[in-house]
Number of protein chains: 2
Amino acid sequence: MFKPVLIEPSIYCQLDIVQFKSSCAACSLRELCLPVGLNEDEVKKLDIVSQKRKITRGGYLHHAGTKFQSLYAVRSGFLKTCVLEQDGRHQVTGFHMTGELLGLDAISTDAHTCDAIALEDSEVCEIPFAKLEEISRDIPSLMRHFHKIMSREIVRDHGVMLLLGSMKAEERLASFLLNLSRRFHLRGYSEYNFNLRMTREEIGSYLGLKLETVSRAFSKFQDEEIITVDNKHIQIKDIARLRMKLSNSDVS
Amino acid sequence: MFKPVLIEPSIYCQLDIVQFKSSCAACSLRELCLPVGLNEDEVKKLDIVSQKRKITRGGYLHHAGTKFQSLYAVRSGFLKTCVLEQDGRHQVTGFHMTGELLGLDAISTDAHTCDAIALEDSEVCEIPFAKLEEISRDIPSLMRHFHKIMSREIVRDHGVMLLLGSMKAEERLASFLLNLSRRFHLRGYSEYNFNLRMTREEIGSYLGLKLETVSRAFSKFQDEEIITVDNKHIQIKDIARLRMKLSNSDVS
DNA sequence: GAGATTAGTTGACAAAAATCAAAATAACCA
DNA sequence: TGGTTATTTTGATTTTTGTCAACTAATCTC
C-alpha cells in the first residue's frame with residue numbers, strides 16, 4: 001500500500017516526522033505514528049483525522065492571533081515562521097522543511113503566536129490537535145514521541161538563543177549554513193549544494209543581523225574560498241573550514 | 001488538609017504551576033493537577049510519585065548530559081539554566097522561580113541539555129516523567145495542561161529570540177526588568193522593589209550582552225530616574241517610562 | 001520582452017557594544 | 001573581624017555591526 005523510504009535509525013531523532021512515501025491522503029498521522037512502531041490497524045484508525053492543504057509561495061498557513069485547531073506537518077516545500085510585536089518589531093523564528101511540525105507554540109494560548117508563510121509552494125498535513133491528544137492517550141509511544149518533538153523544539157530554540165546571544169555575524173552565518181546543509185542532507189539532498197529559499201533579509205532577521213551584514217559575510221566566505229555564492233545558490237567548498245568558523249573563536 | 005492561596009484566574013495562565021500552600025510532602029503533582037480541576041481522590045492517587053529536594057546556593061539541580069528521569073517544579077528559591085557548547089561558549093537560557101517547571105528540554109534526548117544551578121537556596125519537587133505521562137493518560141485535563149506548559153516554554157523562547165535578535169542593550173534590560181517585575185508581582189511580591197538573585201554577568205549572558213554593558217544600562221536608567229539601583233536591589237520608580245524604553249524605538 | 005519592482009552587493013561613515021584597564025564596593029571565609 | 005576574593009562601576013579605546021547611499025542583478029507583471 002505504501003513504501004517507507006529507508007532511513008537509518010539515527011535520523012529518526014533528527015527529523016520531526018519521518019517521511020514515508022505514501023499514496024494515502026491522510027498522510028501526517030501515519031508519519032507521526034509509524035516511527036513509533038504502530039501496526040497497520042492502529043494507523044488505520046487514525047487515517048480519518050488528517051487533511052492535506054496546499055499553500056502557494058507567499059501565502060499564509062496561519063496568522064498570529066488566529067484560533068488554534070491543528071498542528072501542521074510539512075509534506076513538501078519550505079516555510080518560515082515569524083513573531084511580531086505591537087511596535088512593529090518582528091523576527092523570523094524558524095525555517096521549516098519537509099517533515100517538520102508547525103504550530104506547537106499555539107497550544108499554550110489556543111491561538112497562533114506567529115505567522116507561518118510559505119517561501120515556496122508547499123504542502124502540509126493538518127492534524128487536529130484535540131484528535132492527536134485523544135489518540136495518543138491510547139498509544140503511549142505516540143504520546144512520548146509527541147513530547148519529544150515539543151522538547152526538541154525547546155532545545156532548538158535554546159541553540160538559537162546561544163547563537164543570538166554569543167556569536168558574531170560570521171559565526172552565525174556559518175552555523176546557519178551548516179544547519180541547512182545537515183537538514184538538506186538528512187532529506188536526501190546534497191549537503192554541499194543547495195538553494196536558499198529565503199532572502200538575505202529573512203536570513204538576517206533569523207540571525208539577528210541586517211541584510212547588509214549577511215551579504216558581507218557571504219562575500220567574505222566566498223573570498224576565503226569556503227563557499228561559492230551565486231545569488232540564492234550556495235556551494236560549500238570547504239565544510240571543515242566552515243565548521244572552524246564556529247569553533248575557533250575563543251569565547252569566554 | 002491544605003489551603004490554596006487565592007489566585008485570580010488570569011494568573012493561571014501565567015504561572016507554570018499554580019502554588020498551593022500544602023503540608024503534604026508530595027507537593028508538585030498536587031500543584032500540577034489542582035488547577036486543572038481534579039478532585040481530592042484523583043490527587044491522592046498521584047501523591048506517591050513526587051519527592052522534595054533541596055539545593056543550596058551554587059549547587060546543581062542537574063548537569064547537562066545526565067540521564068533524564070524527572071521534571072522539577074520549583075517550590076521556592078531561584079535557579080538559572082545554562083547551555084554550554086564544546087568550545088566553551090555558554091549562555092544562560094532562563095531564570096526560574098517558584099512555580100516554574102524545569103527539565104522540559106531533556107525529554108527530547110533522555111538527557112539534560114543544560115545545567116540547572118541554584119542562585120539561592122532552593123527547593124524543588126521531583127516529578128518522575130514516566131509517571132506523569134502515565135497518569136496524564138487517565139486525566140485529559142492534566143495532559144492538556146502539561147502540553148500548554150511545554151508550548152508556553154516555546155513561546156517564551158521565541159520572545160527571547162526576538163529580544164536577542166532585534167533589541168538594543170537598553171531595550172533588553174528594560175524588557176528583562178519588566179519581566180522580573182511581573183513575575184515577582186504574580187507571586188505576591190512587590191512589582192516595584194525586588195532583589196536580583198543573579199550577577200551582572202549572568203544578566204548579560206541571558207541578554208546577550210557583556211557585564212559592563214549591563215552595568216552601564218543600569219546606570220543610565222538610574223541617571224534618568226527610571227529606577228534606583230543599589231547593587232542587587234532594584235526599585236522601579238517610573239514603570240511607564242521603563243515600558244517606553246521598549247516601545248518607542250521604531251524598528252523596521 | 002520591456003519596464004518596474006524587488007533583491008543583493010559594496011563603500012563610506014556612524015552608532016553600538018566589546019574590550020581593556022583601573023578603581024571602588026560588596027561578599028565570603030577563616 | 002580582617003583579609004581575600006568576587007562583583008560592580010566607570011573611562012578610554014577598538015571592534016563590530018548598523019545606516020545610508022549608490023549601483024547592479026534578478027524577478028515579476030502586463
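Just so it is clear: chains get the letters A, B, ... in the order the sequence lines come, proteins before strands, and each one is counted from 1.
A straight line from CG of B:Asp121 to P of C:dC28 spans 11 Å, rounded to a whole angstrom. Look at CG on A:Leu209: it is 15 Å from P on C:dG8, rounded to the nearest Å. Going from atom CE of A:Met167 over to atom P of C:dA18 covers 16 Å, rounded to whole Å. Spacing between atom CZ of B:Arg172 and atom C1' of C:dA18 amounts to 13 Å, rounded to whole angstrom units. Nucleotide C:dT9 holds its P atom 12 Å from the CG atom of A:Asp223, rounded to whole Å. The CG atom of A:Leu196 sits 13 Å away from the C1' atom of C:dA7 (whole-angstrom rounding). The distance from atom CG of B:Leu173 to atom P of C:dA17 is 12 Å, rounded to the nearest whole Å. The CD-P distance, from A:Glu201 to C:dG8, rounds to 9 Å in whole Å.
Within the 4.5 Å cutoff, no side-chain heavy atoms of B:Asp87 are placed close to those of A:Leu246. With contacts defined as side-chain heavy-atom distances shorter than 4.5 Å, the pair A:Ile234/A:Asn193 does not qualify.
The aromatic rings of B:His112 and B:His62 sit parallel, their planes meeting at an angle under 30°, below the 60° perpendicular limit. Between A:Tyr189 and A:Phe184, the ring planes lie perpendicular to each other; the angle is over 60°, past the 30° to 60° tilted range.
Residue A:Glu212 has its side chain nearest to C:dT10 when only C:dA27, C:dG8, C:dT10 are considered. Considering only side-chain atoms of B:Arg216, the nucleotide from C:dA27, C:dT10, C:dC20 that sits closest is C:dC20.
B:Ser215 comes within 4.0 angstrom of a nucleotide base, judged by non-hydrogen atoms across all strands. Contact annotation for B:Gly58: no contact, since no heavy-atom pair falls under 4.0 Å across all strands. Using a 4.0 Å heavy-atom cutoff across all strands shown, B:Gly204 reaches no nucleic acid atom at all.
Along DNA chain D, the stretch of nucleotides lying under 4.0 Å from any heavy atom of chain A spans, 5' to 3', D:dT16 to D:dC28.
For the side chain to side chain contact (heavy atoms under 4.5 Å, CB included) with A:Arg172, the qualifying choice from A:Val160, A:Leu177, A:Leu209 is A:Leu209, the only one to do so.
Donor-acceptor pairing under 3.5 Å is recorded for the side chains of A:Thr81 and A:Thr93. A donor and an acceptor atom, one from each side chain of A:Thr56 and A:Asp121, are nowhere located under 3.5 Å apart.
Remark: A:Lys232 is in phosphate contact with C:dG8, judged by side-chain N or O atoms under 4.0 Å from OP1 or OP2.
Both A:Arg57 and A:Thr213 sit near DNA chain D, but only A:Thr213 has its closest nucleotide nearer the 5' end.
The C1' atoms of five pairs define one axis at each end of the helix from C:dG1-D:dC30 to C:dA30-D:dT1, and these two axes lie 60° apart (to 10°).
One finds a salt bridge joining B:Glu153 and B:Arg156 here, because a Lys/Arg side-chain nitrogen approaches an Asp/Glu carboxylate oxygen to under 4.0 Å. Ion pairing between a basic and an acidic side chain is recognised when a charged N comes within 4.0 Å of a carboxylate O; A:Arg53 and A:Glu123 show no such pairing.
In this structure, B:Tyr206 has its ring center under 6.0 Å from that of B:Phe95.
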